[in-house]
Amino acid sequence: MLRSHTCGQLRSQDIGKSVTLCGWVENNRDHGGSVFIDLRDRYGLTQIVIGPPEAESSLIDAAGRVSSESVILVRGKVAPRLVGKVNEKLQTGEIEVRCEHMEVLNPCPTPPFTPSQPELPGEDLRLKYRFLDLRRPAMLQAMELRSKIIKIMRDYFAHHDFIDVETPILGRSTPEGARDYLVPSRVHGGKFYALPQSPQLYKQILMVAGFDRYVQVAKCFRDEDLRADRQPEFTQLDMEMSFVDQDDVIGMIDGLVQRTVKEVKGMELPLPLPRMTYQEAMSRFGTDAPDLRFAMEIVDISQIAAEVDFRVFRDAVDKGGFVRGLNVKGKASDFSRRRIDELTDYVKQNFAAKGLAWFRVEQDGALWSPTSKNFTDVELREIGQAMQAEPGDLVMFLADSWEVTCKGLAGLRKRLGAELNLYSEDAMSYSWVTQFPMFEFDAEENRWIAMHHPFTAPLAEDLEKLKSDPGSCRAQAYDLVINGSEAGGGTIRIHDGQTQQQVFELLGIDQQTARDRFGFLLDALKYGAPPHGGIALGIDRWVMLFAGLENIREVIAFPKTQKASDLMTEAPGEVDAKQLRELHLRAF
RNA sequence: GGCGCGGUAGCUCAAUUGGUUAGAGCCCCGGACUGUCGAUCCGGAGGUUGCGGGUUCGAGACCCGUCCGCGUCGCCA
């Protein structure tokens, strides 16, 4: 080891010791007679003093010229700081190292930015020079938290007898689901591997193999457009269990959430975590991932709306739609017409809503808005009552299809929750959403598609509806929701070939295609498949949420941009014509 | 693919209604200084305003196109 201690290690009890430290020059304060260098490494910051009597003037000169972010080695004695010169901000602030010898291990030219500069550089620069960005304490802390959370997960599952099994990265493309990243085969001209969207099929096979409890920290790949909380390449904690039902899997994860909250936040989380059905989540919050850090639930006033003269409301209900709204408690005075217009544009542009109806609740409790003349006093009173409106409230409504009211109100609720600070910054909420629909109807393709994946088992009581009424068939599927984010999702799987065949049929996957693509799974299900189910947790999102961050790139060492490129390595890049030829490919 | 925001010195930002030589702080360079810790003081350097075209007497600003970054909708079993 070049060093005897780290830069975060020395304390007053070390005074008098001869030490050798290595690190990066964070700052260099040259006073002519003596020089102060803040030496930084992963563990902290130690002040080095280069001055008489230990240091000769040539050393002092040299120290004054060392540039920021150079890597240096210093030898010297630990000394107490002068009276009144203790730096309370540093853990090593009671001491300093009086330098007797210094070596510049690697000088650094002026970097595009320094880790300690007060203004955060633009994200493109941070990504291009990620090695500088990762020196920032905030990035280091995020990566340390990530490491800690993964360790908690591994320990937890190891403790519960799970076997960690690695599954292939080069697999085969499956129909349905996200767009695959493809890898051309050199040996098999014109054929392709696909990178896994998840290890779904392999883990089911492991259950058939009798492994009983499987776990893996698995890299997954989906070639879809990015978001603040979505990367094309991400990491799941993937697990699967045999001879279990939904409650067993949820219970296992409940325990993990509790343990993580305890170790990361130091808080006791009471179990079980709250659960609600998909239907309930959509009614109350308009989304399958409700943020429970604040209330402001959706209220359905369709029954009242059906009777009013106001055509916007009545027509919506007549056409089979809904009138649903939110009560923004006590915030009417915060909302100018201009700000309400902004919200109106927001729901129109993003969720195809036709408009936003709103009322202020006056001091006498009456509802007022430019459109209130279209309502009778009785109707307004009924609406106010339904919304539990009190003076000072602002109530707003969407009159539209179920889907539009859900999406629009969920969007409004999310936006207003953040803008109005309806929850404290460190608040966390954890809950389960269960009983997702098995299928969604894809109007464009005019067919049913699996809401989760085609191996999801229906609720036992809905089994008979598979054929008769697929739209109302519910799945044994469950999502873990943290702060309004999907933090994990799983299902109990189909474990008999016959049901699997039925589901494939409904999805328009004919026997030939099913054999072709999933033959191995159908075989496996035939040769003694135990009932099984599991879940996958989004590790990146867990870390993001537990760190209180709003961007997934902040918890990934080398993330990709919105266009899925890596600004540091400049991937994706071009390849030689020879490589293409070997792969039987031509670039357009 | 749609909508929106942004791109000006190495970095973070400013630049009035389209109007003089595009400014500031930090960084950097030179000098001074025996205790700083966002050191201080003096002096200095530093610009293809992302790129291409257009409008105009005149464009950092306006128009068209394009590239890049971010947010969001679609998409994400």
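Every chain is numbered from 1, with letters handed out A, B, ... down the list of sequences. Every value quoted in this text rests on a predicted model; they were computed, and no experiment measured them.
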For [N] versus [M], give the span between their [atom1] atoms, rounded off to a whole number of Å.
N: B:G18; M: B:U49; atom1: C1'; answer: 15 Å
N: B:C28; M: B:C11; atom1: P; answer: 14 Å
N: B:C29; M: B:U66; atom1: C1'; answer: 38 Å
N: B:U55; M: B:G60; atom1: P; answer: 16 Å
N: B:U56; M: B:G46; atom1: P; answer: 35 Å
N: B:U12; M: B:U8; atom1: P; answer: 8 Å
N: B:A39; M: B:U34; atom1: C1'; answer: 13 Å
N: B:U17; M: B:G6; atom1: P; answer: 16 Å

Using whole Å, report how far CZ of A:Phe36 lies from P of B:U36.
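Checked: the CZ to P distance equals 7 Å.
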Could you state the atom-to-atom distance from CD1 of A:Ile50 to P of B:U36 in whole Å?
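Roughly 16 Å, once rounded to whole Å.
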Could you tell me which residues satisfy salt bridge (charged side-chain N to carboxylate O under 4.0 Å, His left out) with [X], sequence neighbours excluded, listed by chain and number?
X: A:Glu505; answer: none
X: A:Arg172; answer: none
X: A:Arg541; answer: A:Asp229
X: A:Asp38; answer: A:Arg29

Does a side-chain N-to-carboxylate-O contact under 4.0 Å join A:Lys203 and A:Asp238?
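Looking at A:Lys203 and A:Asp238, the cut-off is met.
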Would you give a per-nucleotide map of nucleotides 67-76 of chain B, 5' to 3', where B means the base has a protein non-hydrogen atom under 4.0 Å away, S means only the sugar-phosphate does, and - means neither?
-SSBBBBBBB
How would nucleotides 26-34 of chain B be written as a contact map, 5' to 3', with B for base contact, S for sugar-phosphate-only contact and - for no contact, using protein heavy atoms under 4.0 Å?
-SS----BS
Only counting residues at least two apart or in another chain, list the ones meeting side-chain hydrogen bond (donor to acceptor under 3.5 Å, both in side chains) with [X].
X: A:Arg230; value: none
X: A:Asn483; value: none
X: A:Arg415; value: A:Glu419
X: A:Lys219; value: A:Glu233

Side chain to side chain contact (heavy atoms under 4.5 Å, CB included) partners for A:Pro121, two or more places apart:
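Counting only residues at least two positions away or on another chain, A:Pro121 forms a side chain to side chain contact (heavy atoms under 4.5 Å, CB included) with A:Phe113, A:Gln117, A:Leu125, A:Arg126.
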Strand-adjacent residues in residues 82-90 of chain A, judged by heavy atoms under 4.0 Å from RNA chain B:
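The stretch gives A:Leu82, A:Lys85, A:Asn87, A:Lys89 as the residues lying under 4.0 Å from the strand, ordered by number.
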Now, which nucleotide makes the Watson-Crick or G-U wobble pair with B:G52, with each of the two distances under 3.5 Å?
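Pairing partner, where one exists within any strand: B:C64.
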Please determine, for B:U40, whether a Watson-Crick or G-U wobble partner exists with both distances under 3.5 Å, and give it or none.
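Because both required distances fall under 3.5 Å, B:U40 counts as paired with B:A32.
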Check this for me: A:Lys560, atom NZ, are more than 12 non-hydrogen atoms of other residues, nucleotides or ligands nearer than 6.0 Å?
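Counting neighbours around NZ of A:Lys560, more than 12 heavy atoms of other residues, nucleotides or ligands fall under 6.0 Å, so yes.
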Aromatic stack A:Phe113/B:C11: centroid gap under 5.5 Å, interplanar angle under 30°:
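Given the distance and angle limits, no, they do not stack.
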